[in-house]
There are 2 protein chains.
Amino acid sequence: MFSVPTRTQYGIRALVHLAKAEAVGRARLEKSGVPFAAAQGPVAFTATSAEIARAESISPKYLEGILTQLKAKGIVVAERGKNGGFRLARDPGEIRMLDVVEALEGEVRPVDCVEDSGCCAQGVACMPRRFWIGLKETIDGYLSSRTLRDVIDA
Amino acid sequence: MFSVPTRTQYGIRALVHLAKAEAVGRARLEKSGVPFAAAQGPVAFTATSAEIARAESISPKYLEGILTQLKAKGIVVAERGKNGGFRLARDPGEIRMLDVVEALEGEVRPVDCVEDSGCCAQGVACMPRRFWIGLKETIDGYLSSRTLRDVIDA
DNA sequence: CGGTATTCCTATCGACTTAGTGGGAATATA
DNA sequence: TATATTCCCACTAAGTCGATAGGAATACCG
Ligand code: FES
Ligand code: FES
């Protein structure tokens, strides 16, 4: 019950990988004496789709599509061409897990009548409907209270 | 995302119907001067599968299977043969929604590694895994804190 | 006993979703 | 120009889900 598609699991693992790549990149800079300056926004280091796929044992072509989807929703930024790759669009602490999940799977909606109050004869008074709305709010609450940073630091 | 199969929605609506049938049945008894005495356990009145299907506009044969499944898990009791039907196995306040959901769809398990800590190389230290376990606990918490009575009274 | 209403069991089907593959076009770097 | 990368579209294989069908087992009722 409530099983999460691999699409979403892969997407999150890729984001975790990107966050780590960022941390590693900054550390390397510091070590070589060059202070970190965020030139292209808060996140500067990229990783290629193929690289992430290898590290995480995910089907390369499949992950490619997932990252493209994440990019379309503004979670990551893509750089095309040689030496291109993906990087986080903003700091991990600013990426809500709810946004990630919605980017990959659409809105949390246990049943259609969460929005469609007319799916049974009772309409708005429908009792099961309120039960499902409560579930949606509970899930949304959990997901929106965590950021990618929380996942990494867990 | 997190959409609930019709199987579960139908099952819950059927249980709500059974709870109502019980209330209506008792009221009729009271009216005719006969005091209610729970002879066969806390719940006495039955409804047939076909009857519920008609009232709730659910495919009759499909609902039949759902009710049988609910019976196998001890949520309802079946009486075969003529004048048979289904009734709640216990008082609505004693039926946790978590048990209903698990009866129809199995345990809440967003990802396999909720139990299998060895699904990626990081094992127990895996960060996404903890995130998913947190989600499972959140959902389980919501579902186990409500009973069928809460759904009806909502 | 025979008729009927009910649950119970098993098999099947079509539509949809999911995970994954493939081929290449566009784009940026060197 | 050669190369490495994202991007785009179409496709397939396998699984799940909702629903249907046919009948066997069981219980009541006359
Ligand atoms: S409004 Fe959807 S089941 Fe009642
Ligand atoms: S243990 Fe399942 S993804 Fe790491």
Side-chain angles (χ1 to χ4, degrees), chain A residues 1-14 18 21 40 45-54 56-89 101 104-106 109-112 119, chain B residues 1-14 18 21 40 45-54 56-89 101 104-106 109-112 119:
Chain A
M1 175 89 195
F2 294 118
S3 70
V4 171
T6 61
R7 178 167 218 83
T8 304
Q9 302 178 41
Y10 293 170
I12 291 176
R13 279 163 61 187
L18 284 176
Q40 311 151 35
F45 294 89
T46 67
T48 70
S49 171
E51 187 181 329
I52 301 173
R54 205 178 330 110
E56 294 285 330
S57 305
I58 298 172
S59 160
K61 282 296 253 183
Y62 192 35
L63 180 60
E64 213 178 277
I66 295 170
L67 285 169
T68 300
Q69 195 173 354
L70 247 14
K71 174 223 155 192
K73 303 289 180 167
I75 312 277
V76 300
V77 171
E79 277 159 17
R80 302 177 67 168
K82 195 166 185 178
N83 297 335
F86 295 90
R87 66 172 200 274
L88 298 178
V101 166
L104 293 168
E105 297 192 60
R109 184 188 307 177
V111 294
D112 287 340
C119 96
Chain B
M1 174 87 195
F2 295 118
S3 70
V4 172
T6 61
R7 177 167 218 84
T8 305
Q9 302 178 41
Y10 292 170
I12 291 175
R13 280 163 61 187
L18 284 176
Q40 311 150 35
F45 294 89
T46 67
T48 70
S49 170
E51 187 181 329
I52 301 172
R54 205 178 330 110
E56 294 285 330
S57 305
I58 298 171
S59 160
K61 283 295 249 183
Y62 191 36
L63 180 61
E64 213 178 278
I66 295 171
L67 255 359
T68 301
Q69 195 173 353
L70 247 15
K71 175 223 155 192
K73 302 289 180 167
I75 311 278
V76 301
V77 171
E79 277 158 17
R80 303 178 68 168
K82 195 165 185 176
N83 299 334
F86 295 90
R87 65 171 200 274
L88 298 178
V101 166
L104 292 168
E105 296 193 60
R109 184 188 309 178
V111 294
D112 286 341
C119 95

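Below, each value reflects all heavy atoms present in this structure, side chains not excepted, and no hydrogens, waters or symmetry copies. Below, chain A is the first sequence line, B the second, and so on; all start at residue 1. Only a predicted model underlies this, so the values are computations on that prediction, with no experimental measurement involved.
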Task: Heavy-atom closest pair, residues A78(A) and K71(A) - done: CB-CD, 4.0 Å

Task: K82(B) NZ - dA27(D) P separation (whole Å) - done: 15 Å

TODO: Would you mind reporting whether F86(B) and L70(B) have side-chain heavy atoms less than 4.5 Å apart?
DONE: no

- [ ] Check the distance between dA4(D)'s C1' and I52(A)'s CD1 and give it to me in whole angstrom.
- [x] 15 Å

Task: Pair of N/O donor and acceptor under 3.5 Å linking dA25(D) base with R80(B) side chain - done: yes

- [ ] Would you indicate which nucleotide in dA19(D), dG20(C), dT6(D) comes nearest to any side-chain atom of T48(A)?
- [x] dT6(D)

Task: Between dA19(D) (P) and I58(B) (CD1): distance, integer Å - done: 9 Å

TODO: Could you grab the distance from atom CG of L63(B) to atom CD of E51(B), nearest 0.5 Å is fine?
DONE: 11.0 Å

Task: For atom CD of E56(A) and atom C1' of dG20(C), their distance in whole Å - done: 18 Å

- [ ] Please state how far atom CZ in R54(B) lies from atom P in dA5(C), giving the value in whole angstrom units.
- [x] 13 Å

Task: Results of side chain to side chain contact (heavy atoms under 4.5 Å, CB included) for E105(B) - residues two or more places apart only - done: M1(A), V4(B), P5(B), T8(B)

Open item on the list: Ignoring hydrogens, what is the shortest heavy-atom contact between L18(A) and A47(A)? Give both atom names and the distance.
Closed with: CD2-CB, 3.8 Å

TODO: Check the distance between dA5(C)'s C1' and F86(B)'s CZ and give it to me in whole angstrom.
DONE: 13 Å

Open item on the list: With a cut-off of less than 4.0 Å, is there a side-chain N or O of N83(B) near OP1 or OP2 of dT6(C)?
Closed with: no

TODO: Compare side-chain N and O positions of Y10(B) against OP1 and OP2 of dA19(D) and report whether any pair is under 4.0 Å apart.
DONE: yes

- [ ] Take atom CG of D112(B) and atom C1' of dG15(D), then tell me their distance rounded to the nearest Å.
- [x] 14 Å

- [ ] List in numerical order all residues of residues 59-72 of chain A for which some heavy atom is under 4.0 Å away from an atom belonging to DNA chain C.
- [x] S59(A), K61(A), Y62(A)

TODO: Would you kindly give the CD-to-C1' distance between E79(A) and dC7(D), to the nearest whole Å?
DONE: 15 Å

Task: Exercise: identify the closest heavy-atom pair between L67(A) and A14(A) - done: CD2-CB, 4.1 Å

TODO: Check whether any side-chain heavy atom of R109(A) lies under 4.5 Å from a side-chain heavy atom of D112(A), and answer yes or no.
DONE: yes

